[in-house]
2 protein chains.
Amino acid sequence: MLTNMSRSPRRKRPGHYHHGDLKQALIAEALKVIDEQGLAAVTTRALARRLGVSHAAPGHHFADREALLAEVATEGFRLFAAALEQAAWAESEPGERFVAIGRAYLRFAADHPSYFRVMFGRGFPKGYHPPDQFRRESNRAYAVLTGVVRDLALVLGGDATPIDELAFGAWSLVHGMAMLWIDGSATYAFAGRADFEATGERVVRRSIVGLGA
Amino acid sequence: MLTNMSRSPRRKRPGHYHHGDLKQALIAEALKVIDEQGLAAVTTRALARRLGVSHAAPGHHFADREALLAEVATEGFRLFAAALEQAAWAESEPGERFVAIGRAYLRFAADHPSYFRVMFGRGFPKGYHPPDQFRRESNRAYAVLTGVVRDLALVLGGDATPIDELAFGAWSLVHGMAMLWIDGSATYAFAGRADFEATGERVVRRSIVGLGA
DNA sequence: CCTCAATCTTGTCATCGTCAAGATTACGGG
DNA sequence: CCCGTAATCTTGACGATGACAAGATTGAGG
């Protein structure tokens, strides 16, 4: 057991050094805080408090607050890409696969709004260059989407519109729906999450005709 | 000379009270800071410093930092709604009007990224209820969009899809493109702003077929 | 057993948002 | 013209935050 703190009971608090997996714990706690109180409430000191460690402990695992959030976002993109890939693999017919990946996009946003907020809603400083891993995972997600759009466009055989342009359109459509849902700009327009997802799927389905035009 | 007869030369700095229009100056300066250093760098103290007033001066015009940003966002929505209305009025043919409003949406995002970031990119605390004026201006923008979509849908005479659903789709499409451009997720895919806007217009144009399906 | 690197704590500093109290100024009624 | 009041701004203070430095504790390997 990593959490064996039966030794040295003489000191103030026995097992307060070597938390075990503080780094992952901080990431997990950050997500909880975002969910409960919003992104602005994510504070290294608050996280430390909630985990029962000292206020400077997070500094040993993340260079600064930004680095912590970047790691959360990267983990989010990893899950996100995996979800999109799984949705794409589960369907073989191009049209249904396109709908499936759109559904997965919206479902992820609705399932993990906290992740989504850190992934996209975070305002980058100015000349901020995201870490390699961050770029890699987000590109993976985009690659799945592009591939699905390409396969569908080939089947539909539309004009000579570049695949990238069609993919950008499809991406924007689902991304816009997700963002409007996440930040509450469109919540009042739906009865609830189920209504949002159902409407989103119909919108995605209707957008298919544009790919074959 | 030493004998300044204009007014109380004994005091430290003569005209440091009554700035004139500090409230508007703070809003304008906030936009500059967002543009230069990002949203997180918007600090009441920094704004005060840049304007040459005391660190507590902003507190007399805005209840707190959030209120300041809310006012910036409200002003942004006012300009935004006006831009959309103007674009809609300038075109009478339903299809071109639809394209025009989409173009205006993207152009506003590209022209005023700072406004856009505050309007949408700001993470609301948790149970945050936006001020009335904020809701009013944002609803005005949405109303323009809905009206244009309705007119076009009537002309195209598609199925019985609710107008709100078509409007939501159109809104999501342009909103997604704008957000992806603003936060840099899609900048690498375009040669520049002109390329982005041209591509965006083509995407919007292609989406029209979905409204008549 | 003993050293050493990883991990965490304590202490400190500059900055931030916010509040309270006082100073300055504008403005309108006498 | 004068004066009082309200609006505006300054100064000062407090708690909280991010970040750093130095020291304490712990685990792992030689």
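By convention in this document, chain letters (A, B, ...) are assigned in the order of the sequence lines, proteins followed by strands, and residues within each chain are numbered from 1.
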Trainee: Can you measure B:Lys23 atom NZ to D:dA7 atom P for me and round it to whole angstrom units?
Mentor: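 Nearest whole value for this atom pair: 14 Å.
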
Trainee: Tell me: CG of B:Leu68 to C1' of C:dG17, nearest whole Å?
Mentor: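 In whole Å, C:dG17 C1' lies 12 Å from B:Leu68 CG.
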
Trainee: Would you please indicate yes or no on a ring centroid separation below 6.0 angstrom for A:Phe77 and A:Phe120?
Mentor: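 Yes.
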
Trainee: Counting only side-chain N and O atoms of A:Thr43, is one of them less than 4.0 Å from OP1 or OP2 of D:dG18?
Mentor: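 For D:dG18, OP1/OP2 do have a side-chain N/O of A:Thr43 under 4.0 Å.
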
Trainee: Expressed in angstrom and rounded to an integer, what is the separation of B:Leu22 atom CG from C:dT24 atom C1'?
Mentor: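 Value for this atom pair: 15 Å.
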
Trainee: Just how far, in rounded Å, is P of D:dG12 from NE2 of B:His55?
Mentor: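 My rounded result for the distance is 9 Å.
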
Trainee: Using atom CG of B:Leu51 as one end and atom C1' of D:dT8 as the other, report the distance to the nearest whole Å.
Mentor: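 From B:Leu51 CG to D:dT8 C1': 15 Å.
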
Trainee: Using whole Å, what does the distance between atom P of nucleotide C:dC13 and atom CZ of A:Arg45 come to?
Mentor: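 It is 14 Å, rounded to the nearest whole Å.
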
Trainee: Could you state the CG-C1' distance from B:Asp21 to C:dT25, rounded to the nearest angstrom?
Mentor: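 Those two atoms, CG and C1', are 16 Å apart.
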
Trainee: Quick check: on DNA chain D, is the nucleotide nearest A:Arg65 upstream (toward 5') of the one nearest B:Val53, or the reverse? Name the residue that is more 5'.
Mentor: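 Final value for this comparison: B:Val53.
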
Trainee: Please evaluate residues B:Arg206 and A:Thr161 with respect to the criterion side chain to side chain donor-acceptor pair (under 3.5 Å), reporting the C-alpha separation (whole Å), side-chain torsions for both, the decisive distance (0.1 Å), and the verdict.
Mentor: CA-CA 10 Å; B:Arg206 189 166 21 249; A:Thr161 304; 3.1 Å; yes

Trainee: Both A:Thr44 and B:His60 contact DNA chain D. Taking the nearest nucleotide for each, which residue is further toward the 5' end?
Mentor: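 Upstream on the strand: B:His60.
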
Trainee: If I take atom NE2 in residue A:His61 and atom P in nucleotide C:dT7, what distance separates them, rounded to the nearest angstrom?
Mentor: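 Atom-to-atom, A:His61 to C:dT7, this comes out as 6 Å.
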
Trainee: Which one, C:dT18, C:dC8, D:dC20, comes nearest to the side chain of A:Ala57?
Mentor: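 Minimum distance to the A:Ala57 side chain belongs to C:dC8.
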
